[in-house]
Each structure stands twice: as C-alpha cells, then as structure tokens.
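Everything on this sheet refers to the single structure shown next.
Order of appearance sets the numbers: ligands from 1, and atoms from 1 within every ligand. Nothing here was measured: the structure is a model prediction, and the numbers come from that model.
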Amino acid sequence: MPGLEKNNAVKLAGVVGWPVEHSLSPLIHTIWAHRARVNGFYIPVATPPDYDAFVRMMSSLQAVGFQGVNVTLPHKENALRYAVDASPAAKKAGAANMVTFGPDGPYADNSDISGFANALHSHLKPGQPIDNAIVLGAGGAARGVVLALHSIGITGITITNRTREKAETIASDFNLKLVDWTGRDDAVGDANLIINTTSLGMSGQPPLILDASRLSSKKIVADIVYTPVETELLKNAKVQGCQTFGGLDMLMHQAVPGFQSWFGGKAVINDELYTELISELDRRSQK
Ligand code: ATR
C-alpha cells in the first residue's frame with residue numbers, strides 16, 4: 001500500500017482525554033514513527049469525563065486492535081480503576097497515564113513519574129548534588145513529582161501550597177517538610193531544586209512570583225507548565241543564572257515508554273523534536 005512501510009504491521013495507539021485536541025502527544029509519536037520507519041498511528045480520542053464513557057471507549061479501542069493508549073485529564077484515576085493490574089508507580093500515584101492492552105487484560109502504568117525523573121536527570125551535571133528540593137503546589141502533578149524525586153533518591157523535599165490542607169495531606173503521605181505558601185521564598189532560598197507544579201505561569205494565568213534574590217546560579221528551576229514554553233518563573237531564574245527546564249521536557253520523556261512498548265521503535269529526544277513542538281505551539285498560538 002502506498003505510504004506504508006513494507007513488511008511492517010500497522011499498529012494503533014492514541015491518547016484518551018477530555019478535551020484532547022490540544023495534546024502534543026500525536027505529534028511526538030508521529031515524528032518518532034516516521035523516524036523509526038514503523039507503521040504506527042497515534043490518534044487523539046475525545047472521551048467524556050464519566051467512568052462509563054471511559055470504559056466504553058477503552059473496550060472499543062481494545063476491540064479494534066489498539067496496542068495501548070496514553071490517558072490524560074480527567075481520566076488518570078479512571079485508568080487505574082479500569083486496568084486489571086498496574087505498576088507500583090501507578091499504584092503509589094493513585095493515577096495512570098498509560099494503559100497497555102496486554103494478553104492478561106489492560107495494564108496501567110505511570111510514565112509521568114519516570115518522565116519527570118528522566119527530564120531532571122538529563123539536566124543534572126555529573127555529581128551535581130540535589131539534597132533539598134521544594135515543590136510548589138499540591139495537586140496530582142505535585143504527587144507525581146514527589147514520587148519522581150523519591151525514585152532518583154532525592155528525599156529532602158519541602159512542599160508548599162496556597163491551600164495548606166492539601167499540602168498537609170501530601171506531606172503526611174510522603175513524609176515531607178511543609179511550609180506556608182507565604183513563607184515560600186525562605187524555603188526557595190534554602191533549596192537547590194525548585195519545581196512549580198501549580199497552574200501559575202500558564203497562559204491566561206498570573207505568573208508565579210518568587211523573590212529573585214533567592215535564586216542563584218547553583219539552583220535548578222523546573223516548571224511543569226509548557227504553554228508558554230518558557231514561563232516568567234523560568235525566564236527570571238535564567239537571568240539569575242539558574243539551570244532551567246520546562247514542561248516540554250517532561251512531556252517528551254513521558255512519551256518514550258508508550259512509543260517503545262506499542263510501536264516497538266526507538267524514541268529519541270533531541271533538539272529537532274523540541275523545535276518541532278515549539279513550532280507547533282507557535283502555530284497554535286497564532287490561530
Ligand atoms: P494538577 O492535577 O495538574 O496538579 P490541580 O489539582 O488543579 O492540577 O492543582 C493545581 C495547583 O495549582 C494547586 O496546587 C493549586 O493550589 P490550591 O490547592 O490552593 O488550589 C495551584 N494554584 C492554582 N491557582 C493558584 C493561584 N492563583 N495561586 C496559588 N496556587 C494556585
């Protein structure tokens with residue numbers, strides 16, 4: 001058939017969410033499939049938020065031969081509920097962003113956690129010590145980031161959140177230090193890794209303001225936001241000489257396990273991929 005690689009079975013995967021049209025995952029997987037010369041098709045699948053709709057969609061996708069899917073908001077908890085088994089990471093997070101349709105039934109995993117850990121790892125210099133991290137925010141993303149930090153041996157973690165009770169829950173679940181949202185600048189001053197998991201800084205939201213004098217060149221500042229690609233927080237941190245990385249890094253890294261297990265090719269993260277994603281975001285912002 002014209003356009004398809006010879007001797008290469010067609011494989012289907014996708015991303016299930018609501019809404020889902022903003023997802024960059026189809027572009028990432030399409031670029032990788034093209035580079036790896038696999039007949040992999042990765043499709044956005046809009047699925048209403050209720051659990052019944054999710055179950056119906058997942059059963060249909062499995063029936064038509066999908067290898068697996070990424071799962072995004074608001075279905076990450078539904079994915080864990082639906083799967084017959086899950087990885088320890090997904091169980092610990094209470095959420096999954098991957099479901100693979102295996103011979104024993106749907107299996108849930110969480111590559112948001114390994115995605116953040118690998119993104120951070122790619123920015124660490126050899127031997128660079130990280131012994132004191134501060135996580136800003138206390139939603140599902142913060143929980144994933146804390147698990148990622150634990151997975152790479154970072155245990156000195158402070159959490160802070162505008163609504164203190166939510167930070168208290170995560171602090172007690174994971175044995176973290178807790179500081180008041182109003183006291184965040186002191187904690188930022190003491191930390192060598194600062195991670196924004198709040199929605200502050202996202203397009204249309206106010207920026208996350210931190211006291212620039214507490215940011216120094218020895219710190220790494222990360223933001224899970226990727227629209228805009230570089231938030232005010234990251235811009236300010238860069239001016240202070242900090243190493244920075246944004247949500248696109250995590251997004252690219254979280255996509256790797258799905259591509260490898262569903263399409264069976266090599267998923268390479270490089271500047272070319274990053275540039276393609278930025279161009280796509282630019283195109284969308286001009287619409
Ligand atoms: P996610 O699952 O992506 O983490 P979420 O659960 O909606 O999303 O969490 C959003 C985070 O952004 C929360 O920590 C939220 O703080 P609250 O728990 O106090 O709501 C934080 N956030 C959103 N708007 C904020 C604002 N204007 N100031 C400070 N924090 C804000």
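Remark: Gln62 CD is packed, more than 12 non-hydrogen atoms of other residues, nucleotides or ligands lying under 6.0 Å away. Summarising the local packing, CG of Asp282 is surrounded by more than 12 heavy atoms from other residues, nucleotides or ligands at distances under 6.0 Å.
Looking only at protein heavy atoms, the nearest one to atom 29 (C) of ligand 1 is Leu200 CD1, 3.5 Å. Looking at atom 27 (N) of ligand 1, its nearest protein heavy atom turns out to be Arg162 NH1, 3.2 Å. Among all protein heavy atoms, the one lying closest to atom 14 (O) of ligand 1 is Asn161 OD1, 2.7 Å. Distance from atom 21 (C) of ligand 1 to its nearest protein heavy atom, with residue and atom name: Thr198 CB, 3.7 Å.
A donor-acceptor pair is defined here as one N or O able to donate and one able to accept, closer than 3.5 Å; such a pair exists between the side chain of Thr160 and the backbone of Trp181. Put simply, the side chain of His253 never gets that close to the backbone of Ser111: no donor and acceptor are under 3.5 Å apart. In this structure, Asp50 contributes its side chain and Ala53 its backbone to a donor-acceptor pair below 3.5 Å.
Close approach of ligand 1 to Gly140 is summarised as follows: ligand atoms under 4.0 Å from at least one heavy atom of the residue are 1 (P), 2 (O), 4 (O), 6 (O). Residue Gly137 approaches ligand 1 through these ligand atoms, each under 4.0 Å from one of its heavy atoms: 14 (O). Shown in contact with Ala141 at under 4.0 Å from a heavy atom are these atoms of ligand 1, numbered in order with element: 1 (P), 2 (O), 3 (O), 4 (O). Counting atoms of ligand 1 from 1 in the listed order, those under 4.0 Å from a heavy atom of Ala138 are 14 (O). Near Gly139, the atoms of ligand 1 lying under 4.0 angstrom from a non-hydrogen atom of the residue are 4 (O), 6 (O), 9 (O), 14 (O).
Checking only distances, Gln205 never comes within under 3.5 Å of ligand 1, N or O to N or O. For a threshold of 3.5 Å applied to N or O pairs, the pair formed by Lys166 and ligand 1 contains at least one separation below that value. Considering backbone and side-chain N/O of Thr163, one or more are found under 3.5 Å from N/O of ligand 1.
To the nearest 0.5 angstrom, Asp249 atom CG is 9.5 Å from Phe116 atom CZ.
For the side chain to side chain contact (heavy atoms under 4.5 Å, CB included) criterion with Ile134, the lone passing option out of Val188, Asp190, Ile195, Asn192 is Val188. Across Ile159, Thr158, Asn161, a single residue satisfies side chain to side chain contact (heavy atoms under 4.5 Å, CB included) together with Leu178, and that is Ile159.
Considering each of Ala142, Ser199, Ala167, the one bringing a non-hydrogen atom nearest atom 24 (N) of ligand 1 is Ser199.
For atom 12 (O) of ligand 1, a protein heavy-atom neighbour is found at a distance under 4.0 Å. Distance remark: protein heavy atom present below 4.0 angstrom from atom 16 (O) of ligand 1.
Residues Leu149 and Leu120 are in side-chain contact: their nearest non-hydrogen atoms beyond the backbone lie under 4.5 Å apart.
In terms of hydrophobic clustering, with Ile, Leu, Val, Met, Phe, Trp and Tyr side chains grouped at heavy-atom distances under 4.5 Å, Phe245 and Val145 are assigned to a common cluster.
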